[in-house]
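Before any comments, here is the structure.
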Amino acid sequence: AQKITQTQPGMFVQEKEAVTLDCTYDTSDPSYGLFWYKQPSSGEMIFLIYQGSYDQQNATEGRYSLNFQKARKSANLVISASQLGDSAMYFCAMREGIDTGNQFYFGTGTSLTVIP
Amino acid sequence: DVKVTQSSRYLVKRTGEKVFLECVQDMDHENMFWYRQDPGLGLRLIYFSYDVKMKEKGDIPEGYSVSREKKERFSLILESASTNQTSMYLCASSSTPSPIREKLFFGSGTQLSVL
């Protein structure tokens, strides 16, 4: 089974609107971390936001927030007030607490295009 | 500013050539990783290393080998490049032990084309 599933290969959003990028995960470990990365066309992977499995509140970082629904095993990224510079690939990733190899599991990514 | 540096941003090689992709990090990290990124497949782990001269196979090690002679440097080797190895290659590093919240630090990637 896939550890991380991103079901939206591509998304479009109007500039200044909000957009939600979906991510579901699969783990039996009670301790895990969820990450979102942005990859613009330049290729670098930019860390956006982190959510721990024991965190009581949803993570927020500026215009980014994470809609964490633990029972549903989902960790959707919400980008508010979209900007043209938000056009990029977005990857959801998970790290499990039991994994001594420090391996990260990545989804297949969502390509976001912001329309002027 | 912490850095993971990959030696080439773009690389074009011929089928059958031996190819070296180099990665250097300046964060004194123990763990280093090589990922391959293909459209629709996301990032797939090729090899990782948790110490000098140590290596572990990831999900898709076939056709690749790695070398870690120094802590800061992790090389990916394509012994005999093939066209199906045309891809974006990403190097990453992390420290250990580390809290679960510690992220991976990535290089800028190498887009390899094998003709």
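In what follows, chains carry the letters A, B, and so on, assigned in the order in which the sequence lines appear, proteins first and then strands, with residues in each chain numbered from 1.
Highest contact tally toward chain B, considering only A/Gln39, A/Gln6, A/Met89, is held by A/Gln39 [criterion: heavy-atom pairs under 4.5 Å]. When each of A/Gly43, A/Pro9, A/Gly33 is scored by its heavy-atom pairs under 4.5 Å with chain B, the top score falls to A/Gly43.
A centroid separation of 6.0 Å or more is found between the aromatic rings of A/Phe47 and B/Phe105. Aromatic pair A/Phe104/B/Phe33: ring centres not closer than 6.0 Å.
The line from CZ of A/Phe91 to CG of B/Leu43 is 5.5 Å long, rounded to the nearest 0.5 Å.
At least one test fails for B/Lys103 against the ring of A/Phe35: distance under 6.0 Å to the centre or angle within 45° of the axis.
Remark: the backbone N or O of B/Leu104 is paired with a side-chain donor or acceptor of A/Tyr37 at under 3.5 angstrom.
If you measure heavy-atom distances from B/Leu41 to chain A, the contacts under 4.5 Å come from the backbone alone. Residue A/Ser53 does not touch chain B at all, counting heavy-atom pairs closer than 4.5 Å. For B/Arg9, the part sitting under 4.5 Å from any heavy atom of chain A is the side chain, from C-beta outward, and nothing else. Residue B/Gln111 does not touch chain A at all, counting heavy-atom pairs closer than 4.5 Å.
Among all heavy-atom pairs drawn from A/Asp55 and B/Arg101, the shortest one is OD2-NH2, 4.3 Å.
Under the 4.5 Å side-chain heavy-atom criterion for ILVMFWY residues, a single connected hydrophobic cluster contains both B/Ile60 and B/Met32. Follow the hydrophobic side-chain contacts under 4.5 Å out from B/Leu115 and you never reach B/Phe20; the two are in separate clusters. B/Leu21 and A/Met45 fall into different hydrophobic clusters, where Ile, Leu, Val, Met, Phe, Trp and Tyr are joined by side-chain heavy atoms under 4.5 Å apart, directly or via other members.
Counting heavy-atom neighbours within 6.0 Å of A/Lys70 NZ, excluding the residue itself, gives a total above 12. Heavy-atom contacts from other residues, nucleotides or ligands closer than 6.0 Å to NZ of A/Lys73 number more than 12.
Contact check for B/Asp59 versus A/Tyr105: no side-chain heavy atoms found under the 4.5 Å cut-off.
Contacts of residues 74-91 of chain B with chain A at a heavy-atom distance below 4.5 Å involve B/Met88, B/Leu90, listed in sequence order.
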